[in-house]
Amino acid sequence: MTRRLIVLAVIGVALAPLPLLLPAAQEAVAVRALLFAMMAVAWNLMSGFGGLFSFGHAAYFGLGAYTTALLTIELGLSPWIGMLAGMAVAAAFGALTGYLAVRYRLKGAYFALATFAFAEMLRLAALNSELVGGAVGLTLPVTGEQGWWTLRFDVGDPAYFWVALLLMLGSVATVIVLLNSRAGLNLLAVREDETAAAAAGVAVVRHKIMAIGVSAALTAVAGGFYSVYYLFVSPDLAFGASVSIQAILPAVIGGVGTVWGPLIGAAVLAPLSDMAATLVRTPPEFLAFLQGRSGLDVIMYAVLLIVVVLAMPRGLYGRFARRPR
Amino acid sequence: MMLSLDGIEAGYGGLRVLHGLSLEVAAGELVALVGANGAGKSTTLRVASGLLRPSAGRVVFDGEELTGLPGHAVVRRGLVQVPEGRALFGPLTVAENLAMGAFHTGEPADRVLELFPRLAERLDQRADTMSGGEQQMLAIGRALMTRPRLLMLDEPSVGLAPLMVRAVFDALGRIRESGVAILLVEQNAAQALALADRAYVLENGVITLSGTDLAGDERVRRAYLGL
Amino acid sequence: MILRLTDVSKAFGGLRALDGVTFEVEPRTVHAVIGPNGAGKTTLFSVISGEQRPDSGRIEFDGQDVTARPTHLRARAGLVRTFQLTRPFAALSVLDNVAVAAGAHLRTRKEAVAAATEAIERVGLGAYLERPAGELPAAARKQLELARALALRPKVLLLDEVLAGLTASEREPLVTLLADLRAEGMTLVLVEHVMPAVMRLADRVLVLERGSVLAEGEPAAIARDPRVIAAYLGENSDDALA
Amino acid sequence: MNRTISRAGLAAVVAAAVIAGAWARSGSGTVTAQAVLTGLLLGGVYALVAMGLTLIFGVLDIVNFAHGAFMTLGMYATALLASSAGLNPYLTLLVSVPLLFGVGYVVQRHMVSRTMGGSLAAQLLLTLGIAMLLENSLLLAFSGDTRTVPVSFDTPLRVLGAVADLSRVLAFVGAMSLAGAVWLLLTRTRLGTAIRAVAANPEGASLVGLDVRRLHALTFAAGTACAGAAGTLVTPLVTVEPTAGELFNIIGFVVVVLGGLGSVPGAVAGGLIIGLTEQLGGLYLPGQSPLLVVFGVFVLVLLWRPQGLFGRPA
Amino acid sequence: GGSAPGGGAPDAADASGTIKIGSIHPLTGALAFDGQQMSKAVKLAAEEINNAGGIKSLGGAKLEILGADSQGKPEVGQSEAQRLTQAGAVALVGPYQSAVAAQVATVAERNKVPFVIDVASADDILKQGYTYTFRLQPSSDTLGRYGARYLKELADRTGQKVTKVAYLHEQTDYGTSTFKSFSDEAAKLGLEVGPQITYDALKASDLTTELTKVKAAGVDALAVTGYYRDGLLTAKAIASVQPEVKIVLGVSHGAFSSPVFPRDGGAVAEGIYDSNFNYDATKPESKAVLDAFQAKHGEELRFIPFTSYECVRLIAAALEKAASRDPVKIREALAGISFETVLAFDGPVEFDESGQNKNATPVVLQVQDGKVVPVHPAAKAVAEPRPAAE
Ligand SMILES: Nc1ncnc2c1ncn2[C@@H]1O[C@H](COP(=O)(O)OP(=O)(O)OP(=O)(O)O)[C@@H](O)[C@H]1O
Ligand SMILES: Nc1ncnc2c1ncn2[C@@H]1O[C@H](COP(=O)(O)OP(=O)(O)OP(=O)(O)O)[C@@H](O)[C@H]1O
Ligand SMILES: [Mg+2]
Ligand SMILES: [Mg+2]
């Protein structure tokens, strides 16, 4: 564990000067990568280490985003408080729905689709709820006091990156510490074989719900940061299926059930679509015919995804790590 | 020789399990392969069945080289394995499991049901709800449905009641008499050696002993017969 | 009485896997359960360990009614089973597999690892400590089952065919181990088809057939019982018993 | 058998109660009749979409996110042939089904096969990639412009004051026929049993001489061919555009899971339930998205039967 | 990172080069067709302005369009907007989806670069107190109110008695807010609005039940707000259910005034009205633009992309007026501009406090003989409204 935490600290130190080196447009990509990483780390805890395949992480993300946005807009509270509240709300929601799903023995695809259904229900509820701005969503104030407490900075201010970096490091550290605890080991045992885990004295339901709750809370942090950074949440952005997919993709690309996989996946994935778009926009000489073909960048992105999965079905990191521990 | 494995090297990932193993089975013969836990017996059968590709060596069956052929192609040539984990079709019924064994042969199930009457009682039960021993019977039965010319069994008596062990060994005897050669991996060395025409001892991935009367060999008696 | 089953029944659809089974286990004894394949032995263990709820009947352990208690609590209380069809945590190392069980009683990871290592050494699996359990050969998985159970510090240990798949010489140390465990005060219930070991270890033998108790008694008497010979051992059962 | 009958009885009672309630809420018999009719027909379409998915999802254990995109491919085949060659849209089944079968075979053989037995997540990602690739290739080739394929002989049919377009009725009939065909394939043929055997234990399958890789590819191809058929059958009802199939993807999953993975009758029942829930739910909760009710019902059913309506307990 | 606030983009001050305008539209995804046309229209406008001598007050400086694909995703829109301002865009045009608009608006505001919304219906975007965001198209409130007004006027013009109106709309904010404004206005005009029937546009694949509700209500007219795909479903359901209404009027509908609606809808499209913003078909300038687009791209320019075209002309006018490349000055010019547009509005483009074009109003179009033609108000119409054939 100590070794992993040291590696994490090194990563943090190495990344910290990044916004001072990158052009502003790239910094936005870097922040997006951190956001992806946070979501994937959280997803990975529940689905990679916990074996509970979630296809509805948008629920937790959205609860975090909406709670933070609402508390900031309506009560003028600091987003930090919003994020904490969001964590609590998401964890409660995760624990409750998780309890239902686990208690009634939903497994595999059934479990996955149930989580999806919960997220969709939240989306549809938000869509029709005046309180949270209905389909339009909520816009956070652009102007106002700036600073670390309000998490409001000038556009392109490196502070955004640093906040995201801190939150991401915090998430990963949580996962590392948890995995190294008795509860973490038990969780892995539950993932491998519930029946055997129970026979070995592990409280199966409790561990599953713990994994869901912690994962939900970590995802809510990402959601909260999203609303702070993009200053806007809407039902689709917060609770949409694409959010859930976004939480899964980096983990898969990097390696499911590995500590570093989601980080690597996010680092690869976030710039990928921009790179594809750039390539199509200003292609090198021999690819000139590509110029300005819309759809082509998405095609290239898709092809890259496919190639990565085919070449490394266990992910970039998973390919080299022997075991999922 | 009906089956010959020649200089097989194989393993999993970085782990090498077989180090130049060679063995042979002649037509109509019942050959036993004994060895300690982890010696590589199952691995040997996996290589012969085409489930695991050896990194060196040859598998020759009936004069045809099978090395690297996929499992299903090996089976269709008459070289059939009853694997260690049984590999049954869990959600399918007993009858369906047997029918799948006969997929390419159309073999009727009578003979198998006669051999294992318990299966006849449970034709519509899901395979994965059968008791451990019942599953073992089904696995052997299913393999017989493929009409093998050489049957390889990986510890067929594991988990069987004494009466049933006897039945299985009797069955193996009868199967051999019907002209099917048998390669038998057994931890129940006493009975296996008593039945076998010949035997090999596998230790750490190489054959260390072979012969027709290993039961008389002092080392074998001590290590595998517990005498 | 450390374990008592009263009139326990369990049916799967129309099949009565257990049919009014009543039996008692004295502390510090070895109780063997034998019977033909499909007689209900494993089901009996599943019901005792809590993995399956009996349709009717009562299970008492250590003076308490545990019929409705969840599996993990029974395990922690010392009522521990192994699985006939082994169930390793495939992706975890052998050490972690056992550490999970050891953790049920130990707070720190360090202690758990120490206890796990000891259990692993004891069953003779020391060479595999860091290997992923999914890669173990069949026989080693049986030993892993045993190690995991031991790490839970059982009072009553339910062993479902732990000797199956071992060569005679490999069985020897395990049989000795089981005898030692008993001598240390553990109560063992073993399902086993390996009759020589049963004859050597058991104080009493329960014979199941088609879900019901066919006979119960001293090993020697059971081995002579004509019903048991007809249903289970077979004529000329000497080689089976030897 | 008895259980099936009692379950059917229960379903009938529940359905009757729901319909009566809807009648009371909407206050109009015609509207209720229309909702039921539309619900059934729509349910047929959902079942149609789910048919191929349940094969692939249930049998191969692959979460196929490209199913909607495959369907779109079928729609384009139909739209192009109908508009350029002037073919009757239903005749284009002769093209769309083999075409998609081939596409499915190739996709499985060269891509999906590599993730077989891998994690759910890797498959999800792969098929998602394939879906994006197909969708945007269609966009590139045909631009985002919408196409429609009117059926010249389409007339509204009237039942109990409710109306249904002939094309919708045809889609429904097509769905039921396809379901029947798939069901027969899986349960009544050796090939079908083999497909299920491969799903249950690939190693065991190979040990009885089944060519696992080929069977995987065949199953995937058959599922994809179903998507092709579905695409053709819905083309007269919808607008054809590169993202047209997306609409059905999620509903397809919901139907498949509700009915029980790999269960053909489950897909039909699931489709009809979802169709009816959507339409009748609209009467109960006007102003809310019918999907809210759909997902609510979905979760409740799963809590009641975690393996889906027709799924076998794990 | 960390560009100084108010400094604009680094090479904006480059007085010699082209003047860069960022264009952000959904070139892929569900709205790709319109999005691509919008992007083409923007480029066409720039080309025409350049051919006519560029920005005269800046020494004939030429416009350069920097294109971007929002993919319909707000976060992509956000980062693309960021990229474009970074690359020196002095103004932004876009983006079609309201959620994307909200994102781009924050970028524009924080970078102090004017952002002209061509199309994005949600009124909330302009309620944030932003000073750099402007919108050319009418607000959804205006669209709703005019819908009611026009419905009444159409009934009068065609000599039909309309007192009860059913309203069918998609259920997100677009439909809901349009419906609200419509009902407010309708109440003033003495129209009875109800029932209100909603549906989920993204998931609907059959609207027969909804139309049966209309029929069961026995109303005189039906007002509809929705998108393209579901619009076709609406038309089909009208044809099969035959709800016996005298007027079917789209209120800023996404399908009913699209030039391809008659093609896709066939006979069922005939006679349907839509109250929507549009180019002024009576003006020869409009026809010139349509022809130029047709000649260049071989497809018919739709009214939504036409708005994007007009945005570029508007920005060019602001540049002329500002005689500066400084985005802050351009914003000032925009805020005070009065721009003669070829869109069928009720006056020149002039922005109110919030950035909304206060003279933006819709017209009524009708499908007649397979073509969408403006029929009301008479001053902007090229044909008479036709009552529905009985
Ligand atoms: N899938 C696998 N991955 C990695 N290593 C494996 C795998 N299967 C077996 N091994 C290793 O290969 C070696 C030989 O195993 P094998 O199963 O062939 O032994 P065996 O002789 O059949 O033993 P047993 O009598 O216990 O069945 C063992 O060390 C085992 O750990
Ligand atoms: N989940 C289940 N569903 C249906 N039948 C079952 C189920 N579990 C067990 N059975 C049946 O109950 C009977 C008892 O099974 P059990 O596993 O207890 O036998 P056993 O005595 O342990 O046999 P063996 O010695 O072969 O392991 C068997 O006939 C088996 O097929
Ligand atoms: Mg073995
Ligand atoms: Mg058993």
Side-chain angles (χ1 to χ4, degrees), chain B residues 42 45-46 48-52 69-107 124-129 135 138-149 151-154, chain D residues 1-4 54-55 57-61 109 113-114 116-118 183-219 259-266 306-308 310-314:
Chain B
S42 302
L45 295 197
R46 290 179 66 79
S49 308
L51 295 179
L52 184 69
L69 230 53
H72 64 91
V74 172
V75 172
R76 288 190 211 168
R77 284 167 173 74
L79 181 55
V80 180
Q81 189 199 172
V82 182
E84 192 164 40
R86 303 190 182 94
L88 292 175
F89 307 127
L92 272 58
T93 62
V94 169
E96 284 173 333
N97 269 276
L98 292 176
M100 281 299 104
F103 193 84
H104 289 287
T105 59
E107 177 90 1
D124 290 325
Q125 186 171 336
R126 268 174 71 137
D128 55 9
T129 64
Q135 291 191 17
L138 181 55
I140 298 174
R142 188 183 68 179
L144 287 175
M145 300 291 285
T146 64
R147 226 184 272 150
R149 292 193 300 125
L151 187 61
M152 302 183 285
L153 301 112
D154 199 348
Chain D
M1 203 61 221
N2 265 335
R3 277 182 53 212
T4 319
T54 203
L55 249 184
F57 197 2
V59 176
L60 295 187
D61 205 14
R109 210 61 209 251
S113 63
R114 307 239 207 138
M116 283 299 300
W183 187 75
L184 285 178
L185 169 76
L186 277 183
T187 58
R188 291 295 137 91
T189 66
R190 264 161 24 103
L191 179 64
T193 315
I195 286 173
R196 289 185 295 132
V198 165
N201 192 321
E203 184 166 309
S206 135
L207 285 176
V208 296
L210 299 176
D211 186 342
V212 175
R213 282 169 25 117
R214 223 178 111 243
L215 282 164
H216 277 158
L218 277 178
T219 312
L261 296 180
S263 164
V264 173
Q307 70 277 30
F310 286 73
R312 287 167 150 173

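What you are looking at is a predicted structure, and each value in this text was computed from that prediction instead of being measured. Every chain is numbered from 1, with letters handed out A, B, ... down the list of sequences.
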_Nearest-0.5 Å distance that lies between atom CD in B/Glu96 and atom OG1 in D/Thr193_ = 5.5 Å
*chain D heavy atoms under 4.5 Å from B/Leu88: which part of the residue, side chain, backbone, both or neither?*
backbone
*Looking at B/Phe89, is D/Arg196 sitting on its ring face, NZ or CZ under 6.0 Å from the six-membered ring centre and within 45 degrees of the normal?*
no
*Are D/Ser206 and B/Val75 close enough that some pair of their side-chain heavy atoms sits under 4.5 Å apart?*
no
*asked:* Could you measure the distance from the OG1 atom of B/Thr146 to the CG atom of D/Leu207? Nearest 0.5 Å is fine.
replied: 9.5 Å
*asked:* Restricting to non-hydrogen atoms, name the atom on B/Leu92 and the atom on D/Ala200 that form the minimum distance, rounded to 0.1 Å.
replied: CD1-CB, 4.5 Å
*asked:* Testing the basics here: between D/Ala197 and B/Met100, what is the closest heavy-atom pair and its distance to 0.1 Å?
replied: CB-CG, 3.8 Å
*asked:* Donor-acceptor pair, distance only, cut-off 3.5 Å: does the side chain of D/Arg190 make one with the backbone of B/Phe103?
replied: yes
*Side chain / backbone / both / neither for B/Arg46 at chain D, heavy atoms under 4.5 Å*: side chain
*Is D/Arg213 atom CZ crowded by more than 12 heavy atoms from other residues, nucleotides or ligands, each under 6.0 Å away?*
no
*Count the heavy atoms belonging to other residues, nucleotides or ligands that lie under 6.0 Å from CZ of D/Arg109, then report whether that count exceeds 12.*
yes
_Which atoms of D/Ala205 are under 4.5 Å from chain B, going by heavy atoms: the side chain, the backbone, both sets, or neither?_
both
*Work out which heavy atom in D/Val208 is nearest to a heavy atom in B/His104; give both atom names and the distance.*
O-CD2, 4.3 Å
_Can you tell whether the side chains of B/Arg86 and D/Glu203 come within less than 4.0 Å, N to carboxylate O?_
no
*Heavy-atom distances under 4.5 Å only: say whether B/Ala73 touches chain D with side chain, backbone, both or neither.*
neither
*B/Arg76 side chain reached by D/Asp211 side chain, heavy atoms, under 4.5 Å*: yes
